[in-house]
Amino acid sequence: MAEITKSYESRDVERKWYAAWLEARRFSGVVDPAREPYSIVIPPPNVTGVLTMGHVLNNTIQDILIRRARLEGCSAMWLPGTDHAGIATQTVVERELRKQKKTRRDLGREKFVERVWEWRHEKGGIILEQLRRLGASCDWDRTAFTMDPAYSRRVLHVFVELFKRGHIYRGKRMVNWCPATQTALSDEEVIMKPVNGSLYRVRYEVADQPGRFVEVKTTRPETIPGDVAIAVHPDDPRYADLIGKKVRRALGPAAEIPIIADSAVDREFGTGALKITPAHDKVDYDVGLRHKLPIIDVLEPNGVLNAVAGPALAGLERFAGRKRAVELLRESGALVAEEPYANNVGYSERADVPIEPRLTEQWWLRYPRVEEAKAAVRDGHIKFHPERWSKVYLHWLENIQDWCISRQLWWGHRIPVWYRKGADRSDPKNWHVSVDGPADPENWEQEEDVLDTWASSWLWPFATLGWPDEAEMKAAGFDYFYPTATLVTGPDIIFFWVARMIMAGLEFVRPGEPIERRIPFQNVYFTGIIRDAQGRKMSKSLGNSPDPLDLIDKYGADGLRFGIISIAPQGQDIRFQEDRIEGGKNFCNKLWNACRFRQLSGEAGDNSSFNAILARLDPAKFDADDHAILDRLLSTTREVNRCFNDFEFSAAVQALYGFFWGDFCDWYVEVSKAKMQAEDTKANCLAIQDLVLRQTLLLLLPFIPFITEELWSLLGFGEPGTFIQDARLENASRIATSSLARGLVLDRTQVTTVEWLKTFVSQARALKAEHNLASRRDVKFFVTPRDEAAWATIEANLAKVTRMAGAEAIERRDAVENAPAVVTPLGTLYLDLASSVDAGAERARLTKELDALAKHIAGTEARLANKAFTDKAPAAVIEGARKQLADQQAKRTELERLLKALG
RNA sequence: GGACCCUUAGCUCAGUUGGUUAGAGCGCUUCCUUGACAUGGAAGAGGUCACUGGUUCGAGUCCAGUAGGGUCCACCA
């Protein structure tokens, strides 16, 4: 067996094992009816993406779940892939074209799309390579892409089906228009931003009453040429006599526009009069419909004012146009006032420019299965972790609006609708809707628009498993793996993606079957958002996101994984701190060295299976520490199990950290050093170490797969030619049962004994430190045991305790004069200073301790004296308080005696 | 304008149905290269659990309110 080197070199180990895992095809998800399935579909990152800290967190959690499932004997399958990310990808390629002073229109649609494919083959999907460095155990043979031919057909199939079922319609409506990318956006792609602008008070002269004006307040004076009316509230007395009259438009082509009454107007806001510009505002559009007003569009799709706006404004970009409009209004005297004004403006999430409400023909989806989607979560068929996100989800579904699914882009799934050439496109009689198109294509023209990217990724959990083609479903193991077990994602895409996937699954999968067979996943785990040290979101533009690959180089993939999980409590945002990643690396180093020490301690027998190690235990040789460490091993195993059930990964990591570092390394391995010197106890002690290490490696494997695999191999656990993931994790009760079968009755009371010994040792060390003897190992202690049982405990563990306390000897002595002392649970411990005791300092120290103790005693006494407490509190709590009081009082008596002895 | 979350040690955070003297990591102080690990070990310092009330024998934990921070939703020009 290879020797464990002095320090862990993550780089070589990671490369070696990842290649070995792939070679052995250990990540393949296979259909195996004898085992439970456990499947996860990756939230497909943008094909343009590179690995961010968010991806690290998200994918580490998925890998943890998948690897744990394998250890528990499930057939695990993690399906990877990427998203074609319409706007993002198109923008990247257009940016490259711009460097050559070209636009996509110069190339034409076909050539441009070819160009995007070229880009995708050269540079797309880097992120999937990066995930391998992180250790992601995806079934790479299943890698999917939303623009793959097969996946694309499924997307189109869904469109055609939804169209047939009456959920899709074409309509001219107000949409969120992005003037930068020149496409419609869904409501979800618009983010509101507070903007400091101006509110302009503009007056319109009443047509037949020269000198009389109606004033409105507007933030958008450049749209005045598109005004078609002034609206006031029907009950507003200020304007009652004006309703039905006309005013002169204040800017642009001269026109007289009516004053109308509409209750949509808020009397309290501004002047109580509202200019109506149906082409450029959603509310105005609705008012316009109600009053059958014309629509005057004054903007080009790219946000430039058009000829309709009049010669003074035409050709100006919208913000320049606004400035010019204000100047013109001021010159004409129509501008009454201008005040600073902060309001919320909708921005295009991608392009980061204000969107324009714009009236266009688009394709819309009336969501299917809305009620059922609510029920799926409300009734617990799908569980959200943390649960509170279900409220956000339900609220959105309560207020759901139709989804604008068409995009005026070239990169994406082209909508499978054909229009009869030369015929009226608005008449469905002239449409052909099918996946493959009409039989006589020469008579038809295909719709130019493509589908919103999310209108393809909402099918991800079943379209990646071959749906709807029977043969492909069988090949992919659809029946076995659907529904998937857990979705791991960020709460920011709960509407974009999570809710929509649920509706899609319910609509399309296994029609007629119960809801739990149709849902796409059983659990949704929402990660927190990773922020920088100042609490800001990590983003490319701020440059505050570290490169995960640098962190892997520096701390190892395992260090990064362990570190990021340890700071990611359930559902809370995460402040990134590099020192926690360093902590992850340090933990790996600790694990490495504990295993190294075990190896250096010598071979002790068969390590190749759990039962083989168990057979090496000798119950007759067990001392308190042996009982205690196995008890802690079992409780840690149970705790980690609970954490997985409750999706509390950072708690699991903390439990393992505390057990391994605190209980095993700091105490058990240290006491082992004394035990291993005696041939009599050595073999049993090493067997226990092997048992603990084996179980600890298994429990840690999902979090830190590389180093655990390496150590598993180096320590000879498992059968030759197998991997750690081929082993099965023993649960706590099975370990206990197997131990019992070996004649080993785990004695839990020994845990308390060890706690006493730890306190005893710790107090001895503190006593040394207070007298500046911390580094001396030749000091002697005297002990006056509390009782004979205490002495028996000390005596039975004397060699270990003496060594742990850093003492030459600990002797029983029933009366000691003039020595610094401390009262421990096992008795009074004296430091043998032979002569030079500073009585004053010693008295001060003891008095301080006595004072603190007196406070606690007073508190406990007060509680017990309270009749209400003794009447109402549970018996166990009262009993605990009594015992505590007795212990405290005994300690006080001893401290008082010591003080008295000092004089 | 609604909804949700957060406020605990210098920093970042745990604290699971209310129950002994509130924990961890990092940082800080002192000491230590004792037969794995200085990426380490030992001993310490450091908290009126944001504030104000309430419920209770008992509140960091439950309730109400206040203040501060954050997120999401919402067509007031």
Side-chain angles (χ1 to χ4, degrees), chain A residues 4 6-8 174 192 199 216-220 231 264-266 268-271 273-277 281-286 341 343-344 346 357 386 388-389 391-392 395-396 399 491-492 494-495 529 531 533 535 555 559 566-567 569 571-577 579-580 582-583 585-601 642 646 648 650-651 654 657-658 662 665-666 669-670 673 677 762 765-770 772-775 777 803 806 852-853 855-856 859-860 863 866-874 876-878 880-881 883-885 887-888:
Chain A
I4 299 179
K6 195 166 161 61
S7 70
Y8 173 58
M174 293 300 277
M192 301 307 284
L199 193 56
V216 304
K217 284 192 175 181
T218 180
T219 55
R220 303 205 57 190
V265 178
D266 178 357
E268 308 300 316
F269 189 90
T271 63
L274 175 63
K275 77 185 198 65
I276 300 299
T277 322
D281 185 279
K282 221 174 164 187
V283 173
D284 293 10
Y285 176 70
D286 293 339
Y341 188 65
N343 69 333
N344 281 332
R388 64 188 160 87
W389 290 112
K391 280 185 207 151
V392 177
H395 181 256
W396 184 73
N399 301 288
D492 49 333
I494 192 165
F495 313 133
I529 304 218
R531 300 174 175 280
Y555 303 109
S566 73
I567 54 173
Q572 293 298 333
D573 284 1
I574 295 138
R575 288 239 186 159
F576 179 76
Q577 300 158 273
D579 59 14
R580 296 298 290 263
E582 192 179 354
K585 182 189 180 183
N586 293 350
F587 181 79
C588 290
N589 183 63
K590 189 73 178 176
L591 180 64
W592 183 260
N593 274 288
C595 291
R596 171 175 144 90
F597 181 64
R598 168 63 196 88
Q599 193 185 54
L600 292 173
S601 299
R642 185 198 66 77
D646 296 345
E648 291 180 19
S650 74
Q654 280 161 27
Y657 185 103
C665 291
D666 288 348
V669 171
E670 290 305 320
K673 285 175 181 172
Q677 284 176 338
S762 177
R765 286 166 174 168
L767 206 54
K768 277 171 68 182
E770 289 197 41
N772 298 321
L773 295 170
S775 55
R777 301 188 63 78
R803 183 192 172 99
L853 187 62
K855 270 189 211 159
H856 295 312
T860 315
R863 278 206 304 155
N866 185 345
K867 191 165 179 315
F869 174 69
T870 49
D871 284 353
K872 295 186 181 178
V877 173
I878 297 169
K883 188 174 180 308
Q884 181 194 337
L885 183 62
D887 288 348
Q888 287 169 340

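Lettering follows sequence order; numbering is per chain, from 1.
Contact annotation for Cys665(A): base contact, defined as any heavy-atom pair under 4.0 Å involving a base atom. If you check every strand for non-hydrogen atoms under 4.0 Å, Arg388(A) touches sugar and phosphate atoms only. Counting non-hydrogen atoms under 4.0 angstrom, Arg598(A) reaches nothing in the nucleic acid.
The side-chain contact (heavy atoms from CB on, under 4.5 Å) test applied to Lys6(A) returns Arg596(A), not counting sequence neighbours. Considering only residues two or more places apart in sequence or on other chains, Ala273(A) meets the side-chain contact (heavy atoms from CB on, under 4.5 Å) condition with Val214(A), Val216(A), Ile230(A), Val232(A), Tyr239(A), Thr271(A). Evaluation of the salt bridge (charged side-chain N to carboxylate O under 4.0 Å, His left out) rule for Lys585(A) yields no partner, not counting sequence neighbours. Asn344(A) pairs by the side-chain contact (heavy atoms from CB on, under 4.5 Å) definition with Met192(A), Pro194(A), not counting sequence neighbours. Scored by the salt bridge (charged side-chain N to carboxylate O under 4.0 Å, His left out) test, Lys883(A) finds Asp887(A) as partners (sequence neighbours excluded). Annotation: side-chain hydrogen bond (donor to acceptor under 3.5 Å, both in side chains) contacts of Asp573(A) (sequence neighbours excluded): Arg531(A). Residues that satisfy the side-chain hydrogen bond (donor to acceptor under 3.5 Å, both in side chains) test with Lys391(A), not counting sequence neighbours, are absent from this structure.
Residues Phe869(A) and Arg863(A) approach most closely at CD2-O, 3.1 Å, considering heavy atoms. Among all heavy-atom pairs drawn from Pro357(A) and Arg220(A), the shortest one is CD-NH1, 4.4 Å. Taking all atoms of both residues into account, the shortest heavy-atom contact from Asp284(A) to Thr277(A) is OD2-N, 2.7 Å.
For the pair Ile574(A) CD1 and C11(B) C1', the computed distance is 17 Å after rounding to whole Å. Summarising the geometry, the separation between CG on Asn772(A) and C1' on U30(B) is reported as 9 Å, rounded to the nearest angstrom.
Going from atom CD of Glu648(A) over to atom CD of Gln654(A) covers 10.0 Å, rounded to the nearest 0.5 Å. With values rounded to the nearest 0.5 angstrom, Cys588(A) atom SG is found 13.0 Å from Tyr555(A) atom OH.
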Exercise for review: Return one dot-bracket line describing RNA chain B 5' to 3' (Watson-Crick or G-U wobble pairs, both distances under 3.5 Å; ( ) same strand, [ ] crossing, | another strand, . none).
Suggested key: (((((((..((((.....[...)))).(((((.......))))).....(((((..]....))))))))))))....

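Here the separation of A14(B) from A50(B), taken at their P atoms, is 13 Å to the nearest Å. Rounded to the nearest Å, the gap between the C1' atom of U8(B) and that of G23(B) is 10 Å. Remark: the separation of the C1' atoms in G60(B) and C51(B) is 14 Å, to the nearest Å. Annotation: C37(B) and C32(B) have their C1' atoms spaced 15 Å apart (nearest Å). The same atom, P, is picked in U17(B) and in G54(B); the two are 25 Å apart, to the nearest Å. Nucleotides A22(B) and C13(B) have their C1' atoms positioned 14 Å apart, rounded to a whole Å. Comparing A9(B) with G47(B), their C1' atoms are spaced 5 Å from each other, to the whole Å. The C1' atoms of G46(B) and C28(B) are separated by 9 Å, rounded to the nearest whole Å.
Relative ring orientation between Phe495(A) and Trp396(A) is described as parallel, the plane-to-plane angle staying below 30° on a 0-90° scale split at 30° and 60°.
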**Study point:** Worked check of side chain to side chain contact (heavy atoms under 4.5 Å, CB included) between Leu853(A) and Gln888(A)
**Key:** CA-CA 7 Å; Leu853(A) 187 62; Gln888(A) 287 169 340; 4.1 Å; yes

Practice item. Might you work through the side chain to side chain contact (heavy atoms under 4.5 Å, CB included) test for Leu199(A) and Asn343(A), ending with a clear yes or no? Key: CA-CA 10 Å; Leu199(A) 193 56; Asn343(A) 69 333; over 6 Å; no

Point to revise | Nucleic acid footprint by protein, nucleotides 20-25 of chain B - heavy-atom cut-off 4.0 Å, B for base, S for sugar-phosphate alone | key: BB---S

**Study point:** Summary of protein contacts for nucleotides 57-64 of chain B, nucleotide by nucleotide, where a base hit scores B, a sugar-phosphate-only hit scores S (4.0 Å, heavy atoms)
**Key:** B-------

Check your understanding: Reading nucleotides 71-77 of chain B 5' to 3', which nucleotides get B (base under 4.0 Å from a protein heavy atom), which S (sugar-phosphate only), which -?
Key -> S-SBBBB

Practice item. Could you run through nucleotides 37-49 of chain B and give me one letter per nucleotide, 5' to 3': B if any protein heavy atom sits under 4.0 Å from the base, S if only the sugar-phosphate is that close, - if neither? Key: B-BSSSSS-----

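Take the nearest nucleotide of RNA chain B for Leu600(A) and for Arg575(A): the residue whose nucleotide is more 5' is Arg575(A).
Cation-pi contact between Lys590(A) and Tyr657(A): absent, since separation from the ring centre below 6.0 Å together with deviation from the ring axis within 45° is not met.
By the 4.0 Å N-to-carboxylate-O rule, Arg803(A) lies too far from Glu670(A) to be salt-bridged with it.
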